[in-house]
Amino acid sequence: MTQHDTIAGGDATSPPAIELIGITKRYGAVVACDDVHLAIRPGRIHGILGENGAGKSTLMKVLIGLVIPDAGEVRRHGTAIRINDPVAAAEHGIGMVHQHFSLVEPLTVWENVALGDVGRLDPRRVRARVGEISEQYGLEIDPDDRISDLPAGMRQRVEIIKCLRRDPEVLVFDEPTSVLSPAESEFLFNALRTVVERDGKAVALVSHRLGEVMAATDEITIMRDGRVVESLSTAEADARSLARAMVGREVSLRGDVIQTGSASDHVHRDRTAEVPVLRITDASARGRDGRVLLDRLSVDVHAGEIVGLAGVEGNGQRALGDVLSSLLALDSGRVEVESREIPTGRAGAMARAGVAIVPEDRHHSGCVLDFSVAENMFIADPERVARRGLMDRGEMARRAEALIDRFDISCAGPDAPMWSLSGGNQQRVVMARELSHDPRVLVAAQPTRGLDVGAIEYLSEQLRAAARGGVGILLISTELEEILDLSDRIVVIANGHIVGEMINADVDLERIGMLMTGAAAESGVPS
Amino acid sequence: MSDLGTTSTTIDEERAEVVAQARERSRRGVTVEVIGLYVICISIALALAAILVAVTGGSWTAVYTAMLDGSIINSGRIGLTIGVATPILLVSLGTIVNGRAGLVNIGQEGQLVMGACFAAFAAARLDGPGPFVLVVAMLIGVVGGALWAGIAGVLRYWRNVPEVLSTLLLTTVAANLMGWGLRKEWLLLAPASGRANRNQVSEPLPDDTRIPRVTWFGNEFPISAIVAVLLAIVLAVVLGRSIIGFRLRMLGTNPGTAMRAGVAERRYGVAAMLVSGGFAGLAGGFMLAGGDFGNYQLVANFGAGIGFAGLLAALVARQRVLIVIFVAFVFGGLRTGSGFLRATGVSGRIADVVQGLLVLALLLPPAILYVRERRRALAATSARV
Ligand SMILES: Nc1ncnc2c1ncn2[C@@H]1O[C@H](COP(=O)(O)OP(=O)(O)OP(=O)(O)O)[C@@H](O)[C@H]1O
Ligand SMILES: [Mg+2]
């Protein structure tokens with residue numbers, strides 16, 4: 001997007017607001033950041049790209065004082081500063097917009113914004129300020145809404161407002177869109193554009209999505225193995241060369257599929273006569289607050305088939321994932337695996353029946369951050385590495401080692417604590433575990449969130465291979481490209497109900513779009 | 001190809017080696033730090049206590065000599081300290097179990113009292129050979145403690161009552177129940193013939209249903225101490241290496257993942273509370289039948305704060321089973337040592353303050369470490385991407 005270069009507020013030559021010089025951070029033998037230089041200029045959005053484990057998050061944590069570098073310095077308008085903790089970072093005008101953790105769910109929006117303030121609390125002032133900010137930047141929100149009622153996109157708005165209220169000079173975002181729907185992402189980028197243009201603020205943005213980096217940023221820095229391998233202006237970049245610079249080899253990109261229409265190599269067999277490995281019939285469920293999560297949802301998945309569940313975020317995908325993780329009980333309807341009814345909401349029942357799942361929120365139900373990588377590989381069936389009830393640590397480490405190799409997980413070893421892994425590598429651990437258990441059904445919910453382009457390519461291959469091996473795969477994704485790329489059959493979910501179905505070979509994008517937004521209801525819904 | 005393979009293994013091995021070394025270094029660093037922290041905290045507490053004693057007109061050297069004499073130096077005192085440490089250790093073991101499951105039980109004192117009451121009630125009514133009655137009474141004590149903690153567990157999972165509150169409230173209830181039972185002859189009160197008038201005590205256990213005592217190097221203590229240490233070792237293995245321990249830890253750190261992996265929150269959570277209370281109940285039974293706490297009978301205020309001491313010991317040991325054995329001994333020593341303080345002419349209240357200061361000194365380092373670790377973990381995970 002070349003027009004950004006000419007817009008007032010900043011250009012490639014303006015002196016940086018924040019400059020990182022020679023930043024190095026080691027963790028034992030791992031060099032997370034290796035002599036990194038980075039200049040973030042006012043009025044510009046600076047994209048940071050890199051493979052999983054390249055050191056992007058570590059670099060951002062240096063900026064906001066969560067990580068103290070071993071060497072190098074941070075300069076603000078040319079003078080060296082020390083950032084020892086987030087409070088110091090805030091004093092220096094650097095704020096981070098956190099993903100999904102720092103909000104207190106039972107509290108309202110304005111209460112959350114006021115949280116962490118010192119001194120007397122003045123609800124009226126805080127409320128007014130929230131209104132002001134939301135108006136200024138087009139971040140519409142009701143200050144009296146309860147956080148627990150808000151979808152991911154709105155929660156992020158609260159985080160942004162929280163951050164903007166301190167009037168920072170530099171805003172740091174680490175994979176902000178991994179929890180957002182495409183529409184919400186677009187909204188976010190519009191708001192960011194306003195922020196940088198109007199007030200000359202600077203933004204550092206980490207993302208794995210080349211498309212949005214190309215569209216939303218002004219300059220790009222690419223990291224690999226802790227080092228900066230390329231810095232360029234977005235105007236000179238194209239997705240293919242970015243991907244190559246990140247991964248160090250050619251990769252095929254998702255976007256290609258739609259453009260070339262190569263999706264039609266999905267052969268479709270008529271399987272209606274076969275017994276499905278997973279059959280969900282008339283599933284209905286309500287949340288604790290009585291909201292309808294699933295509404296007579298029915299879907300079949302056959303052995304060897306990849307079924308893509310398309311839909312706008314927040315239409316019941318999460319509830320479906322929870323049901324198939326045994327976290328949520330159905331009010332009515334049934335789930336069958338190979339014709340056997342599986343009780344819902346009973347701990348471990350789905351896992352025992354052979355339903356593997358890569359959950360949408362891995363920190364909630366996919367892994368234990370305080371456990372080691374090896375322990376995380378065996379949380380569902382420690383029996384496999386145990387004798388007479390006692391776990392065999394050596395055996396566990398050996399097997400974990402094999403999975404680490406096979407899935408190319410970058411970590412210090414099987415004993416490394418899960419929290420020390422980069423986000424993408426945590427996701428790989430979850431994938432490795434679920435695929436290594438010989439599942440009958442694999443539910444992959446937003447499986448590529450947080451994965452780099454190389455890893456996405458690899459994951460797609462793994463999913464296809466699993467399907468070829470006879471696993472029935474239910475792919476839940478809000479990214480249409482991903483669904484089109486992988487699925488044999490596509491079902492569309494809206495308001496907790498399946499509103500349409502089609503095979504990938506004769507997919508009609510326009511119709512899917514209409515179904516997803518609820519603009520068209522379908523009569524031929526399978527029941 | 002094979003060439004590549006071998007180089008990559010050696011690099012991996014090298015890397016693993018470096019990581020292991022770094023970890024070893026940091027572990028040593030932490031140990032030195034922990035010891036340093038303790039030295040500092042205990043020194044400060046000792047100094048403060050000394051000043052306090054001196055200001056109130058006592059002799060602080062006499063106080064410290066008395067503490068050491070009373071707990072370990074004088075002949076036979078180690079045995080006494082072991083006897084006192086035994087129930088403290090058992091309570092701590094239970095505390096570690098519920099801690100692993102992510103539950104907070106602070107009502108061990110009440111569970112201990114219930115255990116003692118159940119055991120006393122059973123012992124007074126069971127017929128049969130002494131050792132048999134003893135064993136059964138102790139097991140019934142376990143049941144008593146487990147039930148008392150189990151109530152809190154059930155309230156937590158079926159009625160959403162925080163277990164911190166319910167366990168504490170149930171402690172008050174337990175104390176009152178014992179007081180009431182000690183007024184009814186059909187419950188706990190000893191028959192009038194066996195006691196001084198108006199004394200509210202239970203019938204002392206007969207000689208053959210008391211826990212045998214052994215003498216090692218001039219130190220006499222009940223064999224329940226050995227049982228407690230064996231239980232600690234078993235528990236260390238179960239929590240550290242078994243599937244059950246693994247699942248319990250999972251529940252304590254991430255209930256969502258645990259549920260998905262087949263750890264039913266209610267089942268494991270309530271079981272953890274039952275085990276926790278069971279340990280406290282056993283502690284109560286051992287106090288009753290061990291001989292280091294009164295005359296083998298229930299009296300008013302029987303718990304004597306041992307439940308709270310055990311809770312503190314578990315906190316000081318930072319929930320680690322083998323360390324808690326040592327910490328329980330230190331806590332036992334604080335009690336037996338304080339027994340000698342009276343003889344120095346220091347007033348009872350001052351003696352209590354001295355003891356409190358020392359407990360605080362023991363608690364402070366783990367608290368500091370905990371806060372710092374939490375902060376580090378937060379830093380590592382707060383931008384979890
Ligand atoms: N606290 C830590 N302890 C040990 N190793 C760590 C720690 N934090 C990060 N690392 C390691 O440093 C490297 C860089 O991690 P970082 O989180 O910065 O990657 P990233 O670029 O954000 O990757 P992703 O795209 O997967 O989020 C990884 O190999 C990771 O395992
Ligand atoms: Mg990251």
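Below, chains carry the letters A, B, ... as their sequence lines are ordered, and counting in each starts from 1. None of these values were measured; they are calculated from a predicted model.
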- request: With the side chain counted from C-beta on, respond yes when A/Ile409 and A/Met377 share a heavy-atom pair under 4.5 Å apart, and no when they do not.
  value: yes
- prompt: Relative to chain B, which segment of A/Arg388 carries a heavy atom at a distance below 4.5 Å: side chain, backbone, both, or neither?
  reply: neither
- prompt: Of the backbone (N, CA, C, O) and the side chain (C-beta and beyond), which part of A/Gln427 lies under 4.5 Å from a heavy atom of chain B, both, or neither?
  reply: neither
message: Distance to the ring centre below 6.0 angstrom and angle to the axis at most 45 degrees; does that hold for B/Arg249 and A/Phe371?
response: yes
message: Could you check whether A/Arg398 pairs with A/Glu395 (Lys NZ or Arg NE/NH1/NH2 to Asp/Glu carboxylate O, under 4.0 Å)?
response: yes
message: So which residue, A/Val206, A/Leu327, A/Ile379, A/Leu324, ends up with the most heavy-atom pairs under 4.5 Å with chain B?
response: A/Ile379
message: Between A/Asp361 and A/Arg449 (salt bridge meaning N to carboxylate O under 4.0 Å), is one present in this structure?
response: no
field: Option that, when pairs with chain B are counted at under 4.5 Å, heavy atom only, ranks first among A/Met350, A/Glu375, A/Arg352
entry: A/Glu375
query: Could you go step by step and tell me if B/Arg260 and A/Glu434 meet the salt bridge (Lys or Arg N to Asp or Glu O under 4.0 Å) rule?
result: CA-CA 12 Å; B/Arg260 138 88 180 130; A/Glu434 297 300 317; 2.6 Å; yes
- prompt: With only heavy atoms counted, which part of A/Val172 is less than 4.5 Å from chain B, the side chain, the backbone, both or neither?
  reply: neither
field: Option that, when pairs with chain A are counted at under 4.5 Å, heavy atom only, ranks first among B/Arg266, B/Arg267, B/Glu265, B/Met259
entry: B/Met259
